[in-house]
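Taking it in order: structure first as structure tokens, then the write-up.
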Amino acid sequence: MFGYLREQHEAFRCSGLTFADVEVHQGLVSKKPASIRPQNVTSIWTFLSRILAGSKAHDPETNVAIFHEIVSILGALVRLRRDLVVTTLPHLCNIIHQLIYTLRRPRPLLGAKQYSIVADTLPVWINPSHPLGVEESKDLTRLLTSLSTKTLVRVHNPSAELRKPESLTRPLSKHVTCILQAYLDVLNDPLCVLAADIRRELQPGLFVLCDMLNEHTRDSLMVSALDAGGKAAMKGLWREYEKQRYTGKG
């Protein structure tokens, strides 16, 4: 079954992406999760990374369905095959990192050269003049929230260990800085805008990630990975996180 993934990679490389390519992957992951093997997950990460790669050419209209299908693929893997995701967490975080970047839009009134710098970082299926919106940020937040949800692995003849519901919270705590840094980089990019309504919808998911961070990891992010603007953005996010944490809202 998953030999098909390799064929799709070649088709994508040679003739470009279609919505059907993504839809087939989503169907395989959600409908036959017990058939997925470790090598299949590696192929899926590669495929998704290519879908999200920047392009100098863009479709006339943004295909928001591709974004939702990508999120659906990730959600199905997290929900149904946590056992395979946990061994490839850097790849999961990298794909989510890329998804956050797709929510950006060029700042108004940019010159042609500056506009191209931003546009070239967006995938072919996103037209920079028709950016992703609130519904996409809501979908991404649902995925981020699911990362802390306990799930049962869907495999044939599961071991006693796999019969126990678990979440990705503990192993993911070492990797979530990659996702948070993507968000902070976008906020701090002088050529881009992350619309206020998108930021607002992302907050509950970002708070789940903040919940996973221990003090040492958070301080390391502040000291070694962020410039002055990033530090200010992180302080602002953390302030909002603590506010909802203590008031019980979020």
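Values below: all heavy atoms of this structure, side chains included; hydrogens, waters and symmetry mates excluded.
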task: Indicate yes or no: does Arg200 engage Asp197 in a salt bridge with an N to O separation below 4.0 Å.
output: no
pair Asp59-Asn127: side-chain heavy atoms closer than 4.5 Å: no
query: With side chains defined as the heavy atoms from C-beta onward, is the minimum distance between Leu168 and Val78 less than 4.5 Å?
result: yes
- prompt: Honestly curious: do Ile198 and Leu144 fall in one hydrophobic cluster under the side-chain, below-4.5 Å linking rule?
  reply: yes
- prompt: Partners of Asp227 by salt bridge (Lys or Arg N to Asp or Glu O under 4.0 Å), sequence neighbours excluded?
  reply: none
field: Side chain to side chain, Leu226 and Gln181, heavy atoms closer than 4.5 Å
entry: yes
task: Output all residues satisfying salt bridge (Lys or Arg N to Asp or Glu O under 4.0 Å) with Arg105, sequence neighbours left out; order by chain, then residue number.
output: none
- prompt: Under a 4.0 Å N-O cut-off, is there an ion pair linking Asp83 with Arg81?
  reply: yes
field: Single-linkage hydrophobic cluster, 4.5 Å side-chain cutoff, Leu187 and Leu132 together
entry: yes
query: Can you check whether Arg37's main-chain N or O pairs, donor with acceptor, with Asn40's side chain at less than 3.5 Å?
result: yes
message: In the structure I gave you, are the side-chain heavy atoms of Cys210 and Leu237 within less than 4.5 Å of one another anywhere?
response: yes
message: Test your reading of the model: is there a side-chain donor-acceptor pair from Ser146 to the backbone of Leu143, 3.5 Å cut-off?
response: yes
Check: Val64 and Glu135 side chains under 4.5 Å, non-hydrogen atoms: no
- request: For residues Val22 and Ile70, determine if any side-chain heavy atom of one lies less than 4.5 Å from a side-chain heavy atom of the other.
  value: yes
- prompt: Is Lys231 atom NZ crowded by more than 12 heavy atoms from other residues, nucleotides or ligands, each under 6.0 Å away?
  reply: yes
- prompt: Has the side chain of Gln244 got a donor or acceptor atom that lies under 3.5 Å from a matching backbone atom of Tyr241?
  reply: yes
task: Compare all side-chain heavy atoms of Leu103 with those of Leu140 and state whether any distance is below 4.5 angstrom.
output: yes
message: With ring-ring contact (aromatic ring centres under 6.0 Å, His included) as the rule and sequence neighbours excluded, what pairs involving residues 99-122 come up?
response: His97-Tyr101
- prompt: Is a donor on one side and an acceptor on the other found under 3.5 Å between the side chain of His58 and the backbone of Leu122?
  reply: yes
Cluster check Leu80, Trp45: I/L/V/M/F/W/Y, side chain < 4.5 angstrom: no
query: Taking Thr141 for the side chain and Ser137 for the main chain, is one N or O donor matched with an acceptor at less than 3.5 Å?
result: yes
query: With side chains defined as the heavy atoms from C-beta onward, is the minimum distance between Val193 and Arg107 less than 4.5 Å?
result: yes
